[in-house]
Asks: 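The structure's right below; bear with me while I get my questions together.
Keep in mind that the numbers below use all heavy atoms, side chains included, and drop hydrogens, waters and symmetry copies.
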Amino acid sequence: MSLDAVLAKIDEALPDATARLLDLLRIPSISTDPAFKADCDRAADWLVDDLISLGFDASKRPTPGHPMVVAHYNPDGATGPHLLFYGHYDVQPVDPLNLWDRDPFDPQIEDTPAGRVIRGRGASDDKGQLMTFLEACRAWKAKHGTLPCRLTIFLEGEEESGSPSLIPFMEENADELRADVALICDTGLFESKTPAIVTMLRGLLGEELTIHGPSKDLHSGMYGGVARNPIRVLSRIIAGLHDENGRITVPGFYDGVPELSDEMRAQWQGLAFDHARFLGDVGLSVPAGEVDRTPLEMIWSRPTCEVNGIWGGYTGDGFKTVLPAEAHAKISFRLVGRQDPFAIRAAFRAYVQANLPADCTVEFKGHGNSPAGQMSVSHPAFEASRAALTDEWGVAAAYVGCGGSIPIAGYFKTYLDMDAMLIGFGKDDDQIHSPNEKYDLESFHKGIRSWARILDRLTKQAK
Ligand code: BES
Ligand code: ZN
């Protein structure tokens with residue numbers, strides 16, 4: 001039975017595959033909000049059932065947070081590689097809800113001038129992407145009666161919350177999870193049209209801080225001018241995190257940040273990234289990072305410090321002349337190379353403490369941390385998959401960096417001594433984490449076809 005038959009089956013079954021995805025998208029599995037705990041559980045059950053229908057030995061595995069889904073397929077006399085596939089079934093919160101054109105959990109196929117899209121929270125990040133692999137398996141099974149090789153599926157429900165249960169789970173189940181190579185589908189195409197394999201992605205460190213000043217909220221007429229205002233203190237501290245060249249001022253922050261190799265620099269230059277379009281699409285025109293870096297470098301190979309939220313005082317309707325007792329911010333750092341998240345956390349906290357004036361105190365809360373990931377491109381699976389992607393998309397697949405973070409990407413090496421390969425089909429305009437998230441039907445369809453081709457190449461390579 002040829003690969004062509006599997007590809008034809010994928011084409012023919014696309015409406016059914018899409019219907020299944022819409023079904024999964026209806027489950028509001030928001031991991032970060034405890035109100036949706038039962039829904040996360042339901043999404044895990046849905047996936048277990050689907051994997052069982054594909055012939056996997058699948059189960060929902062409890063963790064202190066949301067469950068993992070682990071499934072195995074080990075055909076008699078299996079030859080070839082043992083592959084592990086990873087995706088995440090949790091999604092980001094939907095707020096601000098009023099900016100959505102439809103209910104985020106009532107997904108729909110929409111016709112847009114740029115083609116058909118699947119609209120709904122999680123369509124691209126990451127339910128649509130994880131289903132590309134399961135649908136490739138389904139078509140393969142339908143045509144061959146079996147799957148091509150030994151497979152382990154590992155689906156997480158806490159990726160969008162920093163994967164707090166992941167390391168203990170991987171350590172406790174290392175023997176069960178270990179495979180020859182991991183495939184991760186949670187990234188995008190390059191420039192929305194060229195298939196891509198991610199060779200490096202940034203790590204992440206999240207910090208929340210509260211600055212306390214007066215013992216209670218005060219009247220800003222009665223106390224303003226004499227009393228310390230925590231919002232002003234916080235603003236000054238945040239403003240001081242970057243210098244005029246866009247560099248981060250926290251002492252020791254750049255320890256472990258490598259310079260891009262000449263080879264990588266040349267490769268990236270060859271990618272012809274259209275930064276004017278990239279910024280133009282989101283209403284901007286001028287790169288605002290470190291002055292001496294190209295936009296691709298800023299996103300893929302340089303660390304950042306961004307303020308994700310800041311609040312305090314009165315923010316409701318109308319006006320209130322309050323001098324608040326406290327001020328808050330959520331700040332995240334994207335990490336590269338060998339930057340140590342724990343060292344940066346300590347250095348950041350020390351920086352804030354050192355800049356606190358009299359009568360102020362600060363409280364910190366950490367929100368997850370993961371180091372940057374560097375993939376081993378020399379692993380033979382990379383070239384085989386690159387060729388498979390080129391076959392499907394008709395353009396050579398690119399080796400790229402990724403500005404986003406996927407904690408597990410680096411953990412495979414650290415905890416299971418496995419190489420991992422990141423291949424995804426998201427587009428820059430998918431609006432992941434934002435209102436009106438979508439996944440192009442083309443991404444879904446060609447994503448499924450891409451995995452079938454990759455499975456075919458990887459199993460043939462092993463023979
Ligand atoms: N799928 C994304 C990572 C991603 C973002 C890939 C952009 C390609 C382009 C992933 O689900 C994600 O959003 N991760 C979070 C990590 C987190 C909350 C610990 C991120 O990068 O902010
Ligand atoms: Zn994701």
Asks: Determine, for D340 against R345, whether the closest basic-nitrogen to carboxylate-oxygen distance falls under 4.0 angstrom.
Replies: no

Asks: So does W311 get a backbone contact from the side chain of T315, meaning a donor-acceptor N/O pair under 3.5 Å?
Replies: no

Asks: Are D417 and R178 close enough for a salt bridge, meaning some N to O gap below 4.0 Å?
Replies: no

Asks: Name all residues meeting the salt bridge (Lys or Arg N to Asp or Glu O under 4.0 Å) criterion together with R265; count only those two or more places apart in sequence or in a different chain, and write none if there are none.
Replies: E259, E297

Asks: Would you say that M421 contacts I197 through its side chain, given a criterion of any heavy-atom pair below 4.5 Å between the two side chains?
Replies: yes

Asks: Less than 4.5 Å apart, side chain to side chain, heavy atoms only: is that true for I231 and P324?
Replies: yes

Asks: If you round to the nearest 0.5 Å, how far is SG of C40 from CG of D45?
Replies: 11.5 Å

Asks: Assess the residue pair R26 and D23 against the criterion (salt bridge (Lys or Arg N to Asp or Glu O under 4.0 Å)); give the C-alpha distance rounded to whole Å, side-chain angles, the decisive distance to 0.1 Å, and a yes or no.
Replies: CA-CA 5 Å; R26 285 189 196 98; D23 207 31; 3.3 Å; yes

Asks: If the threshold is 4.0 Å, N to carboxylate O, is there a salt bridge linking K127 and E437?
Replies: no

Asks: Find the distance between CG (D103) and CZ (R119) and round it off to the nearest 0.5 Å.
Replies: 13.5 Å

Asks: Would R61 pass as a cation-pi partner of F169, given that its NZ or CZ must be under 6.0 Å from the six-membered ring centre and within 45 degrees of the axis?
Replies: no

Asks: Measuring from I331:CD1 to F348:CZ, what's the distance to the nearest 0.5 Å?
Replies: 4.0 Å

Asks: Take E158 and S165, measure what side-chain hydrogen bond (donor to acceptor under 3.5 Å, both in side chains) needs, and give me the verdict at the end.
Replies: CA-CA 8 Å; E158 299 185 308; S165 308; 2.6 Å; yes

Asks: With the threshold set at 4.0 Å, does a side-chain nitrogen-carboxylate oxygen contact exist between D41 and K60?
Replies: yes

Asks: Counting N and O atoms only, with roles assigned by atom type, does the side chain of D430 sit under 3.5 Å from a partner on the main chain of G426, one being a donor and the other an acceptor?
Replies: no

Asks: Can you name the nearest heavy-atom pair linking I248 to P303, along with the distance?
Replies: CD1-O, 4.0 Å

Asks: Under 3.5 Å, is there a donor-acceptor pair between the side chain of R386 and the main chain of A397?
Replies: yes

Asks: Would you mind checking if K438 and E110 are paired as a salt bridge, meaning a charged N to carboxylate O distance below 4.0 Å?
Replies: no

Asks: Could you walk me through whether Q108 and R102 pass the side-chain hydrogen bond (donor to acceptor under 3.5 Å, both in side chains) test, one step at a time?
Replies: CA-CA 9 Å; Q108 199 76 40; R102 57 177 306 104; 3.2 Å; yes

Asks: Between F273 and W300, how do the two ring planes meet: parallel, tilted or perpendicular, split at 30° and 60°?
Replies: tilted

Asks: Quick one: CD on Q92 to CD1 on I30, what's the gap to the nearest 0.5 Å?
Replies: 9.0 Å

Asks: Verify, without hydrogens or angle tests, whether R302 (side chain) and V336 (backbone) share a donor-acceptor contact under 3.5 angstrom.
Replies: no

Asks: Between D33 (side chain) and A35 (backbone), is there a donor-acceptor pair under 3.5 Å?
Replies: yes

Asks: Any side-chain heavy atom of L323 within less than 4.5 Å of one from D217?
Replies: no

Asks: Using only atom types and a distance under 3.5 Å, with no angle test, would you say the side chain of D90 pairs donor to acceptor with the backbone of E160?
Replies: yes

Asks: Are the side chains of E156 and S163 in touch, meaning some heavy atoms are under 4.5 Å apart?
Replies: yes

Asks: Quick check: do E135 and W451 have side-chain heavy atoms less than 4.5 Å from each other?
Replies: no

Asks: If we check salt bridge (charged side-chain N to carboxylate O under 4.0 Å, His left out) with D440, which of these qualifies: K427, K446, K193?
Replies: K427

Asks: Taking atom CG of L83 and atom CE of M418, what is their separation to the nearest 0.5 Å?
Replies: 9.0 Å

Asks: Taking 4.0 angstrom as the limit, do K37 and D39 come out as a salt bridge?
Replies: no

Asks: May I ask you to decide if the ring planes of H88 and Y86 are parallel, tilted or perpendicular, using 30° and 60° as cut-offs?
Replies: tilted

Asks: Within the structure provided, determine whether Y411 and L416 are in side-chain contact (heavy-atom separation under 4.5 Å).
Replies: no

Asks: Heavy-atom distance under 4.5 Å between the side chains of I27 and W46, does that happen here?
Replies: yes

Asks: I'd like to know if E191 and R277 make a salt bridge, using a cut-off of under 4.0 Å between side-chain N and carboxylate O.
Replies: yes

Asks: Given 3.5 Å as the limit, does a donor-acceptor pair link the side chain of H212 with the main chain of A325, or not?
Replies: no

Asks: Would a distance-only check, ignoring hydrogens and angles, find a side-chain to backbone donor-acceptor pair under 3.5 Å from S385 to F382?
Replies: no

Asks: Report yes or no: is the cationic atom of R121 (NZ for Lys, CZ for Arg) under 6.0 Å from the centre of the six-membered ring of F105, at an angle within 45° of the ring normal?
Replies: no

Asks: For the OG atom of S370 and the CZ atom of R334, what is their distance to the nearest 0.5 Å?
Replies: 8.5 Å

Asks: Could you work out, with salt bridge (Lys or Arg N to Asp or Glu O under 4.0 Å) as the rule, every residue matching D111, not counting sequence neighbours?
Replies: R116

